[in-house]
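Right, one structure below, let's go through it.
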Amino acid sequence: MQIPGAIDPLVAPRAPLSANGLTDILGLSRDELRTALIAAGVPERQARMRAGQIWHWVYHRGVTDFEAMGNVAKQVRTLLVARFIIGRPEITDAQYSEDGTRKYLVKFADGSEAECVYIPEEDRGTLCISSQVGCTLNCRFCHTGTQRLVRNLTAGEIVGQLMIARDDLGEWPASTEGRKVTNIVMMGMGEPLYNFDHVKQALQILMDEEGVQLSRRRITLSTAGVVPEMQRCGEEIGVNLAVSLHAVTNEIRDEIVPLNKKYPLEELLKACRAYPGTHNARRITFEYVMLKDKNDSDADAKELVRLLRAYDLPAKVNLIPFNPWPGSIYECSSDDRIRRFSDLVFSMGISAPVRTPRGRDIMAACGQLKSASEKLRKSRRA
Ligand code: SAH
């Protein structure tokens with residue numbers, strides 16, 4: 001099986017031109033926007049100010065029409081309309097779970113699709129965003145890995161997922177009080193650290209003071225363990241880190257997370273230890289999927305704690321009940337087993353809550369994401 005390396009193995013299209021040749025400004029950095037404005041004929045001395053105004057309308061007010069930008073001079077608006085659009089991916093399907101979870105099937109300009117999930121909780125609302133269409137990692141228990149089509153998403157396509165969720169939730173202007181989307185997790189389809197540059201640019205837009213204004217403490221990036229990119233992630237993006245650990249021996253981890261053959265446990269835990277900005281108040285989350293008779297014994301729980309201690313890791317563990325999907329070869333551990341595993345880890349001093357599965361009824365839970373179009377194609381072939 002091919003295991004991709006540190007260098008991004010996938011090609012992403014450049015900032016897409018829309019069908020009519022207009023440039024989409026969604027996902028451009030502030031500097032890129034300023035440069036694009038100058039190229040379009042906006043006088044250079046105005047460009048920074050105009051970029052700031054447009055940025056505010058786009059990311060704070062959710063506007064998609066240049067004509068609505070009241071403080072931008074008419075002349076400039078005419079230039080903008082002739083050269084640019086403010087794009088949105090299309091929502092081709094939205095499903096609402098009984099528990100309030102919303103799953104969006106999002107279609108991009110080239111027709112490929114990814115999923116994005118909104119999870120409301122009492123004190124927050126989390127948006128789970130995809131970084132790739134499909135995924136190259138082939139984790140054995142994950143549904144996304146069975147999807148054939150794979151490509152990186154552009155920064156605009158990543159940011160676009162938040163925009164359509166906000167459109168759907170009616171959340172403009174995006175004031176910081178009483179927000180619905182308060183947290184972002186890069187835990188949808190794909191491996192974010194294999195699409196580093198675009199993920200970085202997208203997250204920088206989401207964290208921008210004049211834009212979406214999400215604090216980096218409210219953003220978590222989850223990786224299966226692309227060790228060579230982890231340091232950069234901490235230094236250049238600075239968001240919280242979650243690591244899909246899932247096993248405490250190389251033997252089992254090789255089997256269920258094949259990336260482990262490239263970056264084995266010891267290297268992964270060392271990279272976690274070195275993750276910038278980690279301390280007791282800002283711990284790394286270790287995700288651990290509960291697979292019956294595979295990784296869920298008392299001995300596994302003890303070994304987990306031993307490893308986290310041996311590497312001196314400020315850690316919390318997130319136990320994820322395995323979410324089955326059609327054709328999956330694993331079973332979820334029993335509720336009793338999960339409870340016992342959680343209690344054991346807790347009793348040894350490490351927090352290990354069980355992640356309540358959300359949106360299972362609409363196949364929106366962890367590892368169940370796989371675009372409906374792919375399913376449709378499959379069923380047509382069958
Ligand atoms: N590639 C990144 C981002 C995906 S995050 C990563 O591996 O971390 C999605 C999380 O859900 C990961 O922890 C993944 O291992 C977990 N997951 C995947 N399939 C699952 C399933 N069927 N049941 C429960 N969790 C699953």
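Each ligand, and each atom within it, is numbered from 1 in the order the structure gives.
- Open room surrounds CZ on Arg48; 12 or fewer heavy atoms of other groups in view lie less than 6.0 Å from it.
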For Arg88 and Thr64, what are the C-alpha separation, side-chain angles and deciding distance, and is it a side chain to side chain donor-acceptor pair (under 3.5 Å)? CA-CA 8 Å; Arg88 286 287 191 272; Thr64 53; 5.7 Å; no

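- Geometrically, ligand 1 and His246 share a nitrogen or oxygen pair separated by less than 3.5 Å.
- The atoms of ligand 1 that sit less than 4.0 Å from any heavy atom of Gly188 are 4 (C).
- The closest heavy-atom contact to atom 3 (C) of ligand 1, among the options Ser244, Gly190, Ala224, comes from Gly190.
- When only modelled atom types and interatomic distance are considered, Glu266 and Asn250 share a side-chain donor-acceptor pair under 3.5 Å.
- Short contacts between ligand 1 and Pro321, defined as distances under 4.0 Å to a heavy atom of the residue, involve ligand atoms 24 (C).
- Those atoms of ligand 1 that come under 4.0 Å of a heavy atom in Trp325, given as number and element, are 22 (N).
- Atoms of ligand 1 found under 4.0 Å from any heavy atom of Cys142 (numbered from 1 in listed order, with element): 18 (C), 19 (N).
- Among the atoms of Leu137, none of the N or O lies under 3.5 angstrom from an N or O of ligand 1.
- Residue pairs meeting the ring pair (Phe, Tyr, Trp, His ring centres under 6.0 Å) criterion with at least one member in residues 292-318, sequence neighbours excluded, do not occur.
- The shortest separation from a heavy atom of Tyr330 to ligand 1 is not under 4.0 Å, leaving the residue out of contact.
- The closest approach between any non-hydrogen atom of Ser131 and ligand 1 is not below 4.0 Å.
- Around atom 8 (O) of ligand 1, the closest heavy atom drawn from Pro324, Cys135, Ser222 belongs to Ser222.
- At a threshold of 4.0 Å, the pair Arg337-Asp298 counts as salt-bridged, since one of the basic side-chain nitrogens sits closer than that to a carboxylate oxygen.
- Contacts of Glu287 with ligand 1, taken as heavy-atom pairs under 4.0 Å, involve the side chain alone.
- Annotation for ligand 1: atoms under 4.0 Å from non-hydrogen atoms of Ile320 are 24 (C), 25 (N).
- A salt bridge links Lys200 to Glu236: one of the charged nitrogens lies within less than 4.0 Å of a carboxylate oxygen.
- Across Val58 and Met163, no two heavy atoms sit closer than the pair O-CE, 3.2 Å.
- Interatomic distance, Arg218 CZ to Asn240 CG, rounded to the nearest 0.5 Å: 10.5 Å.
- At a heavy-atom cutoff of 4.0 Å, ligand 1 is contacted by no atom of Val257, backbone or side chain.
- The 12-atom threshold is exceeded at CG of Asp343, counting heavy atoms of other residues, nucleotides or ligands nearer than 6.0 Å.
- If you number the atoms of ligand 1 from 1 as listed, the ones under 4.0 Å from a heavy atom of Asn323 come out as 21 (C), 22 (N), 23 (N), 24 (C).
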